[in-house]
A.B. asks: 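Here it is: the structure, laid out below.
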Amino acid sequence: MKSISKMALGLVATATLLGALVEAPQAQEERTAKQAFGAVKLPNAASPEPLGFYAKGCMSGAMALPTDGPTWQAMRLSRNRRWGNPAMIDLLEQFSRDAANLGWGSGILVGDISQPRGGPMLSGHASHQIGLDADVWFTPKPAQPMTAQQREDMPFTSMLDKSKFLTVDSRKWTSTHARLVMQAASYPQVQRVFVNPAIKKKLCQTWTGDRSLLGKVRPVYGHDEHFHIRMNCPPGAAGCERQAATPSTDDCDSKALAWWFTKEPWAPPKPADPNRKPVKPRQVMVSDLPRACAAVLAAQARSEAEATYGGAPVAYSSQPSAPASVGQIDAITSNPANVPADIPLPRERPFR
Ligand SMILES: [Zn+2]
């Protein structure tokens, strides 16, 4: 009798525990996806996996781009959006070295990649949700590392001549800018590079290198102060939704590009019909994302030990040095002096 009641108690306890476990993700699903994902400060401890689509998904097992490298600096650190798929972090590091070799200052300034677990954001960006999108400034990295405040305050520089309609400013745009964008497009793992339509047009008019790579360079609103690199789904990433391939031609005489130079994209929105009830746009909920995203949200954060390469704390380098050698790149880590105090600091990660 006694043992049965004990068993029953045990069952109740198990059921309660199960209830609690099941309840947590459900509660998460009632929040809007941007609130839920915008509140998380560290990635989950799991193998890297993009889940869903660039503009509707999340990311498991992210890694951080260190705030400083020999040929890169991460900008706007307070946004805590320098998390990506390891393939993206690798690509940015490689691109930064190639950029410096092109004569792009001492490397690149990196803007937003993704939130620690990806997902929709409270501000900016429809995409950048699965760790495979990154923004790079049209401003080269200065030789001296900037402070956190300087990285917040540094203004963007537009490549457009604002006194004209959709025209690149020839006083700012150089052949090095062109080579930088085309270098980004040249990597086989890069799916698309988004630039302002005026920049695409300028490249169409001037690029004398491999014209087929221009097909990857896509015109889109904005993207005159930075450009956006989008990677293909990494091999074997079963949960990653692919985007249609880009044309294998330069795509310079396409309707898509010409459209931007018509009045249509710039026309003010038509006034709403006063007889129609306004439709409130539906918020994206966690439950609208791939199922695995609720679990990614609910999962334990990666512990400091797990995020530390080799299990031992790594000494931070406060003076990132250029020029880079592979050995130096191995040794570069985040610089805690540059990170606002409320952001948990990613430690060293394996160099791949
Ligand atoms: Zn972007």
Side-chain angles (χ1 to χ4, degrees), residues 33-34 37-38 50-59 62-65 67 72-85 87-96 99 104 107-141 151-152 154-160 177 180-187 189-200 203 216-234 240-244 246 256 260 265 284:
K34 60 184 178 184
F37 281 93
L51 296 161
F53 194 61
Y54 303 94
K56 193 176 187 181
C58 67
M59 159 173 59
M63 283 186 164
L65 178 75
T67 59
W72 73 85
Q73 283 178 47
M75 299 295 284
R76 307 286 197 253
L77 302 175
S78 65
R79 293 160 74 92
N80 196 24
R81 291 178 182 170
R82 58 197 169 89
W83 300 91
N85 186 286
M88 175 51 94
I89 307 302
D90 275 349
L91 174 73
L92 287 168
E93 294 182 2
Q94 181 186 348
F95 179 48
S96 74
W104 183 252
I108 59 173
L109 298 180
V110 182
D112 287 357
I113 309 173
S114 291
Q115 299 178 132
R117 302 187 194 194
M121 303 183 192
L122 286 163
S123 62
H125 307 299
S127 64
H128 288 256
Q129 294 192 21
I130 56 173
L132 297 174
D133 293 284
D135 291 339
V136 176
W137 288 42
F138 275 129
T139 306
K141 174 179 110 58
R151 293 174 205 222
E152 297 296 319
M154 186 185 211
F156 288 110
T157 302
S158 174
M159 294 297 112
L160 301 189
H177 289 73
L180 184 76
V181 171
M182 297 311 290
Q183 177 68 37
S186 74
Y187 304 108
Q189 63 268 47
V190 169
Q191 213 257 353
R192 278 169 161 72
V193 177
F194 295 106
V195 297
N196 187 274
I199 294 174
K200 167 81 190 214
L203 290 168
K216 281 192 192 180
V217 181
R218 310 308 301 166
V220 69
Y221 181 81
H223 297 82
D224 55 313
E225 301 160 331
H226 74 273
F227 57 104
H228 173 141
I229 300 172
R230 171 167 295 173
M231 294 184 77
N232 286 303
C233 291
C240 182
E241 198 182 318
R242 286 163 205 281
Q243 185 167 15
T246 53
W260 287 103
V284 175

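Remember, it's 1-based here, ligands and their atoms both numbered in the order they're listed.
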A.B. asks: Please give the atom name: the N, O or S atom of His228 nearest to the Zn ion (ligand 1).
C.D. replies: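 Sorting the N, O and S atoms of His228 by distance to the Zn ion (ligand 1) puts ND1 first.
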A.B. asks: Do Met154 and Trp137 have side-chain heavy atoms sitting under 4.5 Å apart?
C.D. replies: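 Yes - at least one pair of side-chain heavy atoms lies under 4.5 Å apart.
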A.B. asks: Looking at His128, which of its N, O or S atoms is the nearest one to the Zn ion (ligand 1)?
C.D. replies: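 For His128, the N, O or S atom at the smallest distance from the Zn ion (ligand 1) is NE2.
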A.B. asks: Measuring to the Zn ion (ligand 1), does His223 have an N/O/S atom at a distance below 2.8 Å?
C.D. replies: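 No.
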A.B. asks: Does Tyr221, at its OH atom, have more than 12 non-hydrogen atoms belonging to other residues, nucleotides or ligands within less than 6.0 Å?
C.D. replies: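 Count not over threshold, so no.
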A.B. asks: Using the six-membered ring wherever Trp is involved, compare the ring planes of Tyr187 and Phe95 and label them parallel, tilted or perpendicular (cut-offs 30° and 60°).
C.D. replies: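 If you compare the ring of Tyr187 with that of Phe95, the planes turn out perpendicular.
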A.B. asks: Has the side chain of Arg151 got a donor or acceptor atom that lies under 3.5 Å from a matching backbone atom of Arg76?
C.D. replies: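 Checked: no pair found.
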A.B. asks: Counting backbone and side-chain atoms alike, is an N, O or S atom of Asp135 positioned under 2.8 Å from the Zn ion (ligand 1)?
C.D. replies: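 Yes - counting backbone and side chain alike, Asp135 has an N, O or S atom under 2.8 Å.
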